[in-house]
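Have a look at the structure below, then the notes.
By convention in this document, chain letters (A, B, ...) are assigned in the order of the sequence lines, proteins followed by strands, and residues within each chain are numbered from 1. Values below: every heavy atom of this structure, side chains too, minus hydrogens, waters and symmetry copies.
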Amino acid sequence: MDLERYGRQMLVTGAGGQAEVSKLRVLVVGAGGLGCSCLAYLVGAGVSAVTICDADVVEVSNLHRQPLHTEAGALAREKKVESAARALRALNPNVEIRAVSKRAGFDDATADLVKSHDVVADCSDNVGTRYLLNDLCFLAGKSLYSASALGREGSLSTYHWLSCCYRCAHPRPATIEAKRSCADRGVLGPVPGALGALQALEILTRAPDDDIAVFDGRELRRFRKPPKRPNCQLCGVAATIRSVQDSKDSCAAMGLVVVEGAGFGTIAPAPPPPLPEDAVATCADLARALSRNGAVVLDVRDPNQFSMCSLPGSVSVPIADIIATNGDAVLEKLPLDEPNKSIFVLCRRGVDSRLATSALRAHSALRERVCRHVEGGLQAWRATVDPAFPAY
Amino acid sequence: MEEQITVKVLLFASARELAQSSECTLELPRGSKTSDLRRALASKFKLLDVTSLAMDTAIALNQAYVSVDDDPVLSNGDEVALIPPISGG
Ligand SMILES: [Zn+2]
């Protein structure tokens with residue numbers, strides 16, 4: 001044991017305390033304001049290993065609150081995990097530092113990361129990741145140390161799973177808070193710094209998990225956690241979340257964006273207004289129209305799915321293109337010489353087609369055309385019209 | 001016995017921002033529950049919308065979170081904190 005390096009903290013915790021710390025393997029999700037602070041104190045204290053998980057690159061706007069990163073890193077658009085790993089190795093070469101340039105997501109790779117560490121520090125910046133790590137840590141039996149910061153405020157909570165989980169305290173994401181992040185609301189640098197340091201303290205001292213601390217910019221107040229909810233989907237008596245897929249499904253059902261990409265973990269935009277009755281068709285309606293040669297089928301699935309299977313003669317325009325161009329993308333692809341044919345908008349399950357139909361009905365050049373969303377999509381087509389159509 | 005009770009309300013994070021106030025005092029009829037307090041706050045502060053308050057915002061009564069399944073009756077002198085979860089990092 002390196003008495004010169006760790007002596008000052010061993011005067012507080014004793015050799016036994018240091019021995020415990022030196023065995024800890026910590027997964028730190030997020031190398032932003034909280035992560036930089038938490039990581040620096042964990043590595044300085046001499047934990048066995050830290051794994052840093054983040055997909056972002058360093059930006060100049062991060063530097064006021066993320067002191068492991070540098071201006072040179074921002075100019076070079078260096079990955080945050082690499083920038084942080086370099087700074088941490090310089091701080092303490094005795095700790096095993098692993099950089100995983102990936103966003104923690106609803107996937108097996110993330111579940112495996114959780115399983116292969118002793119404890120997890122949630123230093124993420126979105127509500128979806130908070131539910132994700134809560135679920136994965138509970139399923140893997142790992143302690144979760146969670147911190148958050150925004151503006152002048154922050155909070156700190158720990159879950160060892162004897163008391164309530166994050167879902168027990170927050171069964172649904174808060175619509176008023178979740179849409180906002182540091183990017184559009186601002187944060188004072190020392191706030192995540194302070195909360196990340198306290199998070200490291202909780203980890204190093206294996207603090208009990210009986211309260212949730214709230215920092216209001218000046219004062220840290222502790223509130224006793226609510227009791228475990230008997231009907232919690234994760235930790236309740238009849239829990240339904242048993243896998244990362246269950247977690248993903250549950251978060252999607254709560255309106256969170258669960259697929260990788262911009263907006264991951266935030267509350268998804270409100271669903272489009274319900275379509276009028278004449279804009280909704282069944283698969284049987286589509287089959288009848290096709291048999292009379294009175295339909296153009298617009299398939300809005302992504303090109304990969306379209307290339308796997310499609311209805312004969314259907315036209316492919318991915319939903320992303322339709323939304324990005326406010327419907328213009330469709331005009332180039334539609335056979336405009338057949339204006340009497342109804343447009344039937346089709347996707348895999350009838351979700352994106354509803355969105356696309358709303359956009360197309362609002363398009364000035366398509367006002368005269370009949371444009372209908374096909375309820376249930378290709379899955380319903382297979383179930384109700386053509387059992388030979390491939391399932392995938 | 002007084003017909004009204006007085007409770008102290010602490011507002012955090014987006015609740016504080018929307019109300020533009022970090023604490024206030026509310027007079028409520030005796031027997032009021034936390035759900036009545038949410039409604040009273042929504043009418044006091046225009047920007048605090050009652051549905052999102054009721055659905056999303058955790059509350060603590062005398063320094064202890066209240067389970068979302070419970071709706072306890074408030075007493076004179078209680079301190080209630082509105083604590084929307086923060087997710088930034
Ligand atoms: Zn729970």
### Query
Do the non-hydrogen side-chain atoms of B:P85 and A:Y166 ever get within less than 4.5 Å of each other?
yes
### Task
Side-chain contact test, heavy atoms from C-beta onward, threshold under 4.5 Å: evaluate it for A:E153 versus B:R16 and give yes or no.
yes
### Best-contacting candidate, A:G196, A:S155, A:A147, A:S124, against chain B by heavy atom pairs under 4.5 angstrom
A:S124
### Query
For the candidates A:V191, A:T129, A:N126, which exhibits the highest count of non-hydrogen atom pairs separated by less than 4.5 Å from chain B?
A:N126
### Message
Need one label for A:R222: side chain, backbone, both or neither, based on atoms under 4.5 Å from any heavy atom in chain B.
### Response
backbone
### Task
Could you tell me which portion of A:D122 (side chain, backbone, both or neither) has an atom closer than 4.5 angstrom to a non-hydrogen atom of chain B?
neither
Over all atoms of both residues, closest heavy-atom pair of [X] and [Y]:
X      : Y      : value
A:H170 : B:I83  : CE1-O, 4.5 Å
B:A64  : A:F223 : N-CD2, 4.5 Å
A:P171 : B:V68  : CG-CG2, 3.4 Å
B:G88  : A:R130 : O-NH2, 3.4 Å

For the [atom1] atom of [X] and the [atom2] atom of [Y], what is their distance to the nearest 0.5 Å?
X      : Y      : atom1 : atom2 : answer
B:S87  : A:L150 : OG    : CG    : 7.0 Å
A:D216 : B:L10  : CG    : CG    : 9.0 Å
A:N231 : B:S67  : CG    : OG    : 8.0 Å

### Candidates A:C164, A:P226, A:C168 - the one meeting side chain to side chain contact (heavy atoms under 4.5 Å, CB included) with B:Y65
A:P226
### Message
With a sphere of 6.0 Å drawn around NZ of A:K79, does it hold more than 12 non-hydrogen atoms of other residues, nucleotides or ligands?
### Response
no
